[in-house]
Amino acid sequence: MASTAPENDPRQDEPEVGPPADHAVGIPAIVESMRVTGQQSGMRRGLPTLVDVNQRSGFDCPGCAWPEPDHRHPAEFCENGAKAVAEEATRRAVDPDFFAQHSVSDLAGRSGYWLGQQGRLTQPMLLDRAASHYTPITWDEAFDLLASELRQLPSPDRAVFYTSGRTSNEAAFLYQLFARQFGTNNLPDCSNMCHESSGEALGETLGIGKGSVLLEDIYQADVIIVAGQNPGTNHPRMLTALERAKRSGSRIITVNPLPETGMRRFKNPQTARGIVGRGTRLTDLFLQIRLGGDLGLFQALNRLLLQVDEHDPGAEAVDREFVERYTHGFEDLRAALLESGEEEFWGQVQRATGLERQEIEEALAMLLTSRRIVVCWAMGLTQHQHAVPTIREIVNFLLLRGAIGRPGAGVCPVRGHSNVQGDRTMGIYERPDPAFLDALATEFGFAPPREPGLDTVNAIRAMRDGRVGVFMAMGGNFVSATPDTDTTEAAMRRCGLTVHVSTKLNRSHVVTGARALILPARARSDHDVQDGREQFVTVEDSMGMVHASRGSVPPLSAQMRSEVDIITNLARRVLGPDNPVPWERMRSDYDTIRDRIEGVVPGFTNFNARVREPGGFALPHAPRDSRTFPTATGRAHFTANTLTAPEVPSGHLLLQTLRSHDQYNTTIYGLDDRYRGVHNGRRVVFVNPTDAEELGVADGDYVDLVSAWSDARERRAPHFRVVSYPTARGCAAAYYPETNVLVPLDSTAEASNTPTSKSIVVRLEPDSGDYQPF
Ligand SMILES: Nc1nc2c(c(=O)[nH]1)N[C@H]1C(S)=C(S)[C@@H](COP(=O)(O)OP(=O)(O)OC[C@H]3O[C@@H](n4cnc5c(=O)[nH]c(N)nc54)[C@H](O)[C@@H]3O)O[C@H]1N2
Ligand SMILES: Nc1nc2c(c(=O)[nH]1)N[C@H]1C(S)=C(S)[C@@H](COP(=O)(O)OP(=O)(O)OC[C@H]3O[C@@H](n4cnc5c(=O)[nH]c(N)nc54)[C@H](O)[C@@H]3O)O[C@H]1N2
Ligand SMILES: [Mo]
């Protein structure tokens, strides 16, 4: 098919495909890290930067939220962390000349990959009404414009303040404070599309929506279940922790429709063994589950535990003492799980999981001899219609085994963005806890709004319906990360003003409201000096550890400002001189922000002193620390969940949308997915060979993916190369964000409203020829 890719924008529609790799990391990862570093930032700027990553005196890797070990290796980063840092520390600059050369419609015809590769944003820019190009604007003019648009809104609820998960604790705290002083809880964030289902399920059952394990627990576990997660690509440093656990005797059960290379064999580049040896085999038992089958799997395990307990109480399948002392709802769970007959139950489980009973019993045998069990998961579990019940069922499982609040045991939702968990702790939430608002009111002497605000999906609906005047984003790439791309882009265009505080150019800068602002931010690795004094920020990792992060890279332009600087200046303009918050002092000294966080957020006592200690400190977690459960009953809750799984009509496949090895969400680093054997392209759909045969397609064919959703609109993603791949039967996979066009806005998870990006019913149609690059 003819491609008319713009100059320098490489074609992504003719991928080359080879066999998947048999191990992760090793020497190719080191070579790749050095290559991107040299290419983006040059070795003189890039290498010293890499040395600082995740060190106590350095900055937190802007990649994932996996925690740092106590004994840090001099190279405490991974290939994908190196890519994230290189992209930030790049010498390439997007300056006013660039915007003079490229009209917005030209930029809208480029790929996300090309946009991101142009470099760092270095100057505030305005796209005026009906203008064809962005033009430079001073910071003062930009703040005045935004402030006057905000003040003219008929209600504060006509503004939406989105956050992506790289924002520091300090900036996040000020951003939500500003939004609430302005008068709205419209604070959607990337969490709404990510671990919201985890927070929802864990909050309800354990009383706190966060993971209950520390790194030490991973090392001490007897069994680690890794379900719905691809750490080899998305949390590579987790492989080091899993390797260490394996060396002290842990066994690993991997639950995934795909045999992900990273979970098979790991060659740790930090050890000689990893460089020259065969590496470490990680997975002991691989359960190749169908998409969305995990609720069925954990229900089966739980029913088996109850049955073993009944017939052989000595086996201690159920930790009776724990159940009696700490939990609520056991009898209801028992009744629900044992209700149906054997044949009916196992028929349902088989249909949902695609697993044989014997495979589940093999897992059970490993679990029955272990009390120290950790369950890790990520997007493979959270982005389904029944994600919340699935995670509640995992909690049921761990509670039955007494595996909460015990060393080497617990829940481990592995977060994505490096500070997404901290942002939520700081109050970035559209449904804030009343106690949080009370504390905010007391600390700052104002009445915060109490009405719940808009989450991501509801914000898109409000924008679509013309109910949003100003959309502001603290980082992120809203139009590419959200579902139903055509709907979302149309929604964005209905806003009066769209504002992005960003580091890199992306599609959300070129699909805009009537007017648009780009405000260039300093990033995690950038040096931050305010009024002559060096500043640092803080972040919270996936395990609730809070620590300092100090950037060291000289910013490419003096016009790039810190997020704290941007928020405080905006707040002063919008809220006026009588506002009681000392915004200007907070800008010039981030310690004063931390003092106020201490006054509002539990767990931050003596914040400024403790965060200066090497390694920072752990936030309290009542179930982990003392087996106390801050729920309504003061106990951990069992829940009875109905066994459901996605229904797929014949002739269709269930599609999951996932990440390649060369991307960070919507930021595309390159066009390869080394571990899965894909090179020089991204428009691929992985299909089981038997399914392909039944559907009459073959490896190498080009097809359109068409979403089968109940409304009348057609959602089509054209021109994907079929890749014959050993995924579970009936389950296909393709990359995000190219496939977001297929995810219906109204297809969301119950209770968390998270888009169902891992279960989209699609059919394959012959290539329509409608593909236009980008
Ligand atoms: N390099 C890099 N690092 C990243 C990111 C990145 O894009 N690039 N993104 C960051 C972010 S924000 C996040 S949230 C995390 C995401 O980290 P992951 O959740 O690992 O990301 P995905 O690529 O979406 O992979 C989902 C995995 O779950 C499996 N899966 C899908 N559906 C199911 C299911 O129904 N059941 C089971 N058992 N498995 C299933 C898929 O086959 C795949 O292995 O990574 C973070 N880290
Ligand atoms: N189909 C499908 N859709 C998905 C997912 C999926 O698996 N499938 N995953 C979902 C998930 S888990 C998530 S978390 C979301 C991600 O959604 P987002 O967080 O909105 O998207 P990102 O691609 O991470 O945002 C990248 C942009 O953030 C900006 N940026 C980077 N660093 C900084 C910084 O330090 N400061 C500031 N101010 N800006 C910065 C850059 O301009 C960059 O272009 O996408 C979701 N969408
Ligand atoms: Mo995420």
Side-chain angles (χ1 to χ4, degrees), residues 62-66 78-81 83-84 87-88 112 115-116 121 162-168 171 189-195 226-236 254-258 260 262-263 287 289-294 297 377-384 387 390 414-420 456 473-478 480-483 500-509 519-526 563 566 646 654 656-667 669 727-728 731 733 735-740 742-743 754-755 757-760:
C64 71
W66 187 257
C78 65
E79 175 193 348
N80 278 342
K83 290 182 200 161
E87 290 256 335
E88 245 182 47
L115 292 176
L121 295 158
Y162 175 72
T163 313
S164 169
R166 279 199 188 168
T167 295
S168 66
D189 72 341
C190 65
S191 238
N192 298 146
M193 299 178 269
C194 184
H195 266 294
V226 180
Q229 196 198 345
N230 178 23
T233 286
N234 298 313
H235 305 92
T254 297
V255 188
N256 204 308
L258 293 174
E260 301 284 26
M263 288 306 297
L287 298 178
I289 199 164
R290 286 184 44 124
L291 288 168
D294 306 79
L297 169 65
W377 71 87
M379 296 306 100
L381 298 201
T382 62
Q383 298 175 334
H384 288 285
T390 301
V414 183
R415 303 276 161 177
H417 268 300
S418 53
N419 198 41
V420 63
T456 294
M474 193 54 57
N477 181 2
F478 194 82
S480 295
T482 51
H500 283 86
V501 178
S502 306
T503 55
K504 290 298 228 26
L505 195 62
N506 65 44
R507 186 149 177 93
S508 300
H509 303 123
L519 305 178
R522 287 190 201 160
R524 195 69 66 67
S525 51
D526 292 329
E563 293 180 341
I566 296 168
L654 197 59
Q656 63 156 323
T657 60
L658 41 46
R659 293 153 173 81
S660 82
H661 193 63
D662 261 2
Q663 72 182 86
Y664 194 93
N665 298 338
T666 69
T667 302
Y669 299 143
T727 173
C731 302
Y735 303 132
Y736 133 73
E738 286 81 351
T739 44
N740 285 40
L742 298 171
V743 188
T754 295
S757 309
K758 295 290 188 277
S759 48
I760 313 160

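For ligands, and for the atoms within them, numbers begin at 1 and follow the listed sequence. All values derive from a computational prediction rather than experimental measurement. Excluded from the calculations below are hydrogen atoms, water molecules and symmetry mates; all remaining heavy atoms, backbone and side chain alike, are included.
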Colleague: Which residue and non-hydrogen atom of the protein lie closest to atom 43 (C) of ligand 1, and at what distance in Å?
Modeller: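 Of the protein heavy atoms, Glu260 OE2, 3.4 Å lies nearest.
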Colleague: For His509 and Ser502, does a side-chain donor sit closer than 3.5 Å to a side-chain acceptor?
Modeller: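 Distance-only check passes for His509 and Ser502.
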Colleague: Less than 3.5 Å between some nitrogen or oxygen of Met193 and one of ligand 2, yes or no?
Modeller: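 No; the residue has no nitrogen or oxygen that sits under 3.5 Å from a nitrogen or oxygen of the ligand.
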Colleague: Report the part of His384 (side chain from C-beta onward, or backbone N, CA, C, O) that has a heavy atom under 4.0 Å from ligand 1; answer both or neither where that applies.
Modeller: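 Just the side chain.
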Colleague: Among all protein heavy atoms in this structure, tell me which lies nearest to atom 33 (C) of ligand 1, with the distance rounded to 0.1 Å.
Modeller: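 Going by distance alone, atom 33 (C) of ligand 1 is nearest to Gly380 O, 3.2 Å.
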Colleague: Which residue and non-hydrogen atom of the protein lie closest to atom 11 (C) of ligand 1, and at what distance in Å?
Modeller: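 Result: Gly416 CA, 3.2 Å.
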Colleague: Any nitrogen or oxygen of Cys64, side chain or backbone, less than 3.5 Å from one on ligand 1?
Modeller: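 Among all N and O atoms of Cys64, none is under 3.5 Å from an N or O of ligand 1.
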Colleague: Could you tell me whether the side chains of Thr233 and His661 share a donor-acceptor contact shorter than 3.5 Å?
Modeller: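 Side-chain D/A pair, Thr233 to His661: present.
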Colleague: Measuring from non-hydrogen atoms of Gly63 to any atom of ligand 1, is the shortest distance under 4.0 Å?
Modeller: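 Judged by the 4.0 Å heavy-atom criterion, Gly63 does not count as contacting ligand 1.
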Colleague: What residue and heavy atom of the protein are closest to atom 17 (O) of ligand 2, and at what distance?
Modeller: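 For this ligand atom, the closest protein heavy atom is Ala481 CB, 3.2 Å.
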Colleague: Which of the numbered atoms in ligand 2 are below 4.0 angstrom from a heavy atom of Lys758?
Modeller: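 Those qualifying, in numeric order: 7 (O).
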Colleague: I need the nearest protein heavy-atom contact for atom 31 (C) of ligand 1: residue, atom name and distance, please.
Modeller: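 It is Gln656 OE1, 2.9 Å.
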Colleague: Counting heavy atoms only, which part of His235 comes closer than 4.0 Å to ligand 1: side chain, backbone, both or neither?
Modeller: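 The side chain, only.
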Colleague: Nearest non-hydrogen atom to atom 14 (S) of ligand 1 belongs to which of Ser164, Ser757, Cys194, Cys78?
Modeller: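 Looking at heavy atoms only, Cys194 sits closest to atom 14 (S) of ligand 1.
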Colleague: Any nitrogen or oxygen of Met379, main chain or side chain, under 3.5 Å from a nitrogen or oxygen of ligand 1?
Modeller: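 For ligand 1, there is an N or O atom that lies under 3.5 Å from one belonging to Met379.
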Colleague: Which residue holds the protein heavy atom closest to atom 39 (N) of ligand 2, what is that atom called, and what is the gap in Å?
Modeller: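 Its nearest protein heavy-atom neighbour is Gly475 CA, 3.3 Å.
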Colleague: Look at the aromatic rings of His417 and Tyr664 and report parallel, tilted or perpendicular, splitting at 30° and 60°.
Modeller: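 Rings of His417 and Tyr664: tilted, 30 to 60°.
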Colleague: In the protein, which heavy atom is nearest to atom 42 (O) of ligand 1, and how far is it?
Modeller: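 Looking at atom 42 (O) of ligand 1, the protein heavy atom closest to it is Asn256 OD1, 2.6 Å.
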Colleague: Between Asn230, Thr667, Asn234, which one has a non-hydrogen atom sitting closest to atom 6 (C) of ligand 1?
Modeller: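 It is Asn234 whose heavy atom sits nearest to atom 6 (C) of ligand 1.
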Colleague: Counting both backbone and side chain atoms, is some N or O of Val501 under 3.5 Å from an N or O of ligand 2?
Modeller: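 Min N/O separation from ligand 2 is below 3.5 Å for Val501.
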Colleague: Just need the protein heavy atom nearest to atom 28 (O) of ligand 1, so name the residue and atom and give the distance.
Modeller: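 Nearest protein contact, heavy atoms only, for atom 28 (O) of ligand 1 is Gly228 C, 3.1 Å.
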Colleague: What residue and atom, counting heavy atoms only, is the protein's closest point to atom 38 (N) of ligand 1, and at what distance?
Modeller: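 Its nearest protein heavy-atom neighbour is Asp294 OD2, 2.8 Å.
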Colleague: In the protein, which heavy atom is nearest to atom 21 (O) of ligand 2, and how far is it?
Modeller: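 Scanning the protein heavy atoms, the shortest distance from atom 21 (O) of ligand 2 goes to Asn477 N, 3.6 Å.
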Colleague: Return a yes/no value for Glu88: is any of its N or O atoms, backbone included, closer than 3.5 angstrom to an N or O of ligand 2?
Modeller: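 Among all N and O atoms of Glu88, none is under 3.5 Å from an N or O of ligand 2.
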Colleague: Would you mind telling me if ligand 1 is within reach of the side chain of Val255, the backbone, both or neither, using heavy atoms under 4.0 Å?
Modeller: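 Both backbone and side chain of Val255 come within 4.0 Å of ligand 1.
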Colleague: Would you tell me which option among Val743, Thr503, Asn192 has the nearest heavy-atom contact to atom 41 (C) of ligand 2?
Modeller: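 Shortest heavy-atom distance from atom 41 (C) of ligand 2: Thr503.
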Colleague: Is it the case that the side chain of Lys504 and the backbone of Gly116 share a donor-acceptor pair, with hydrogens and angles ignored and the cut-off at 3.5 Å?
Modeller: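 Yes, Lys504 side chain to Gly116 backbone: donor-acceptor pair under 3.5 Å.
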Colleague: With heavy-atom distances below 4.0 Å as the criterion, list the atoms of ligand 2 near Tyr162.
Modeller: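 Contacts of ligand 2 toward Tyr162, numbered from 1: 17 (O), 18 (P), 19 (O), 20 (O).
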Colleague: Give the atom numbers and elements of ligand 1 that come within less than 4.0 Å of a heavy atom of Gly292.
Modeller: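 With Gly292 as reference, the close atoms of ligand 1 come out as 34 (C), 35 (O).
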Colleague: Could you tell me whether some N/O pair between Thr233 and ligand 1 is separated by less than 3.5 angstrom?
Modeller: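 There is such a contact, yes.
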Colleague: I'd like to check whether Asn506 has a polar contact with ligand 2, where a contact means an N/O of the residue lying under 3.5 Å from an N/O of the ligand.
Modeller: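 Indeed, backbone or side chain, Asn506 has an N or O that close.
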Colleague: Looking at His417, which atoms of ligand 2 are within less than 4.0 Å of one of its heavy atoms?
Modeller: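 In order of numbering, the contacting atoms are 14 (S), 19 (O), 24 (O).
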Colleague: Quick check: does Asn665 get an N/O under 3.5 Å from an N/O on ligand 1?
Modeller: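 So ligand 1 has an N or O lying under 3.5 Å from an N or O of Asn665.
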Colleague: Is there at least one pair of N or O atoms, one from Arg659 and one from ligand 1, spaced under 3.5 Å apart?
Modeller: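 Min N/O separation from ligand 1 is below 3.5 Å for Arg659.
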Colleague: Which atoms from ligand 2 have a heavy atom of Thr666 less than 4.0 Å away?
Modeller: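 In order of number, 22 (P), 23 (O).
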Colleague: Is it the case that Arg507 and Thr666 place a side-chain donor and acceptor less than 3.5 Å from each other?
Modeller: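 Side chains of Arg507 and Thr666: no pair found under 3.5 Å.
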Colleague: Could you work out, for atom 37 (C) of ligand 2, the closest of Gln663, Arg166, Glu563 by heavy-atom distance?
Modeller: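 Closest candidate by heavy-atom distance is Glu563.
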